[in-house]
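Have a look at the structure below before the remarks.
Start at 1 with the first residue, then count along the sequence. Values below: all heavy atoms of this structure, side chains included; hydrogens, waters and symmetry mates excluded.
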Amino acid sequence: MEPGRDWRSGFILKEVCGNAAVDVLKVIAPPFHGVHADIGAGGHTHYWLKGGRGSTKSSFVSIEIIWGIMQDPDANAVVMRKVGKTLRQSVYEQMLWASELFGPEDWKPGLSPLELTYLPTGGKIIFRGADEPRKLKSTKFKQGYCKFVWFEELEEFRDMEEIRSVTQSLIRGGDRFAVFYSFNPPKSRNSWINRQLDALAAGDAADVLVHHSTYLDVDSAWLGEQFGIEAEQLRKINPTAYAHEYLGEVTGTGGEIFENLQLRQVSDEEIAGFERALEGVDWGFATDPFVWVRLSYDKTRRVLYIFDEIYRTGLSNRAAAEMILERGGSGVIADSAEPKSIAEFNELGVRARKAAKGPGSLGYGMKFLTLEVAEIVIDPRRCPHTAREFNNYEYERDENGVASDAYPDKNNHAIDAVRYALEPYMKAGKSGGVRFVKGL
């Protein structure tokens with residue numbers, strides 16, 4: 001650094017890092033220059049960075065943490081995601097990329113545990129998952145304090161209580177901190193993140209800076225020509241999806257039930273690695289469709305994957321059984337309302353047993369899907385009808401259009417089949433309903 005220049009002023013254009021002179025504002029996208037200056041001036045502690053794809057918010061945070069540790073010999077950082085298993089292929093790689101901008105010879109990477117060490121000062125960046133609370137509570141640094149905390153993919157976290165629990169453990173022992181929250185705003189207005197943003201806008205947020213950016217704020221050279229082509233194509237065919245995914249807008253109605261839904265491709269490799277496949281059936285023939293779904297539940301990460309379906313009207317039990325066997329199906333949990341169909345399936349070679357329906361079973365099953373399951377991943381290419389049902393399923397509304405807490409009994413055939421399939425992770429209660437089974 002040039003003699004007599006204080007980096008905290010936020011106006012330094014060139015800093016000396018190792019043996020290389022780096023123009024720090026040339027590696028930070030212009031939408032974040034003001035945020036960089038605010039951090040340097042100690043303007044705020046909490047930085048909520050929201051926006052759509054290509055907004056460069058994650059790149060900015062990684063650069064800011066690397067650069068900040070190089071400027072302050074007492075600075076360390078904790079970089080977080082909800083699930084520890086996702087760290088190495090996401091934020092760890094992101095931080096490696098940022099360190100290379102400032103001279104990789106000064107940074108020592110470590111894999112067990114995941115960490116980056118700035119050799120000239122010993123400053124560390126450690127990586128933690130919120131699913132490992134014991135490791136979080138035991139986080140300590142040999143020197144200095146935790147100056148920077150980064151919650152990446154904030155929408156993965158449960159609520160503000162979980163966030164506060166983490167920050168209260170980490171933000172201590174120093175005089176200046178910067179906590180980053182980076183995320184694409186969930187589409188539902190009822191999401192805890194969007195409610196928190198509303199509270200920040202309405203209340204006293206003196207120590208919080210909220211920043212919104214999109215790919216339109218970034219020079220196209222940063223993202224490449226193809227990125228713009230993909231964005232424009234989506235804008236033409238699905239303006240609502242474009243507004244949410246690329247502009248970071250809240251496009252939901254506020255009545256969505258499955259706020260934990262993610263529609264994306266599930267690869268053959270992922271499917272091959274699933275520990276257990278489950279199958280559910282909802283009977284139908286004329287007006288209502290016959291539905292068979294296949295899914296897998298990762299009970300450790302609490303992620304549900306739905307990756308195969310049969311969804312047809314006018315399908316006889318024999319034809320349905322043949323189709324299931326052709327797809328490699330073998331055993332189903334089916335709606336108990338049709339015992340004759342269950343018996344016929346068993347005669348046709350598809351092992352079938354009735355679902356444990358009863359008073360309260362709908363409510364218990366829906367609570368399991370919306371509260372116990374952290375993420376519902378549906379492949380819309382393999383399961384277009386199931387994806388549509390989950391995506392469009394909303395709470396009932398009263399005469400004033402206000403969403404209630406009642407689950408509508410319509411357009412939910414695949415949802416019912418999924419509930420039945422998941423019964424191995426639930427068990428019958430005394431009332432004949434279903435309650436959660438922990439640790440299965």
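- Residues Ser296 and Arg276 have side chains that never bring a donor and an acceptor to within less than 3.5 angstrom of each other.
- Ring geometry for Tyr242 against Tyr246 counts as parallel: the plane angle stays under 30°, on a 0 to 90° scale with 60° as the upper cut.
- Between the side chain of Trp107 and the backbone N or O of Leu96 there is no donor-acceptor pair closer than 3.5 Å.
- Remark: Arg164 does not engage Glu161 in a salt bridge, criterion side-chain N to carboxylate O under 4.0 Å.
- With hydrogens and angles ignored, the 3.5 Å screen pairs no side-chain donor or acceptor of Arg302 with any backbone N or O of Asp298.
- Across all their heavy atoms, Leu263 and Ala387 have their closest contact at CD2-CB, 3.9 Å.
- The neighbour count for Arg381 CZ, taken as heavy atoms of other residues, nucleotides or ligands under 6.0 Å away, is above 12.
- For the pair Glu309 (side chain) and Thr386 (backbone), a donor-acceptor distance under 3.5 Å is present.
- Between Tyr305 and Asp379, the side chains place no donor N or O within less than 3.5 Å of an acceptor N or O (distance only, hydrogens not considered).
- A donor-acceptor pair under 3.5 Å is formed between the side chain of Thr121 and the backbone N or O of Gly123.
- A heavy-atom distance below 4.5 Å is found between the side chains of Ile378 and Leu261.
- Remark: Arg312 fails to qualify as a cation-pi partner of Phe290 under the 6.0 Å distance and 45° angle criteria applied to the six-membered ring.
- Side-chain atoms of Asp282 do not come within 3.5 Å of backbone N or O of Ala417 as any donor-acceptor pair.
- Proximity of a side-chain donor or acceptor of Gln168 to a complementary backbone N or O of Ser165 within less than 3.5 Å is not detected.
- Atom CG of Asn391 sits about 11.0 Å away from atom CD1 of Ile376, to the nearest 0.5 Å.
- For the residue pair Glu93 / Gln89, no side-chain donor-acceptor distance below 3.5 Å is found, with atom types taken as modelled.
- Side-chain atoms of Leu422 and Tyr297, non-hydrogen and from C-beta on, do get closer than 4.5 Å to each other.
- No donor-acceptor contact under 3.5 angstrom links the side chains of His46 and Asp207, judged on distance only.
- Two residues are said to be in side-chain contact when any heavy atoms from C-beta on lie closer than 4.5 Å; His36 and Phe60 meet this criterion.
- Results of the side-chain hydrogen bond (donor to acceptor under 3.5 Å, both in side chains) test with Ser182 over Lys57, Glu152, Lys50 single out Glu152 as the only residue that passes.
- The NE2 atom of His33 sits 10.5 Å away from atom NZ of Lys26, with the distance rounded to the nearest 0.5 Å.
- In this structure, the side chain of Tyr393 engages the main chain of Pro408 through a donor-acceptor pair within 3.5 Å.
- Side-chain contact between Glu153 and Glu155: present, with at least one pair of heavy atoms (C-beta onward) separated by less than 4.5 Å.
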**Report entry** Stepwise ring pair (Phe, Tyr, Trp, His ring centres under 6.0 Å) test for Phe157 and Phe151
**Finding:** CA-CA 9 Å; Phe157 292 82; Phe151 295 93; 5.5 Å; yes
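- Listed for the Tyr425 side chain is no donor-acceptor partner under 3.5 Å among the backbone atoms of Phe368.
- Here the CD1-CD distance, from Ile229 to Gln233, works out to 9.0 Å after rounding to the nearest 0.5 Å.
- Put simply, the residue from Trp292, Phe390, Tyr311 that forms a ring-ring contact (aromatic ring centres under 6.0 Å, His included) with His385 is Tyr311.
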Query - Criterion ring pair (Phe, Tyr, Trp, His ring centres under 6.0 Å) on Phe32 and His211, from CA distance to verdict - result: CA-CA 9 Å; Phe32 291 94; His211 180 274; 4.7 Å; yes
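- Here the straight-line distance linking atom CD1 of Ile126 with atom CG of Leu114 works out to 10.5 Å at 0.5 Å rounding.
- For the pair Val250 and His244, the minimum side-chain heavy-atom distance is 4.5 Å or more.
- At least one donor-acceptor pair under 3.5 Å links the side chain of Asn76 to the backbone N or O of Lys124.
- Between Val418 and Leu295 there is a side-chain heavy-atom pair separated by less than 4.5 Å.
- The pair Asp72-Lys147 meets the salt-bridge criterion, since a charged nitrogen lies less than 4.0 angstrom from a carboxylate oxygen.
- Looking at heavy atoms from C-beta onward, Arg327 lies in side-chain contact with Asp308 at the 4.5 angstrom threshold.
- Between Glu275 and Lys299 there is a side-chain heavy-atom pair separated by less than 4.5 Å.
- Crowding of Glu225 atom CD: a count of heavy atoms from other residues, nucleotides or ligands under 6.0 Å not exceeding 12.
- Not a single donor-acceptor pair under 3.5 Å links the side chain of Asp219 to the backbone N or O of Trp222.
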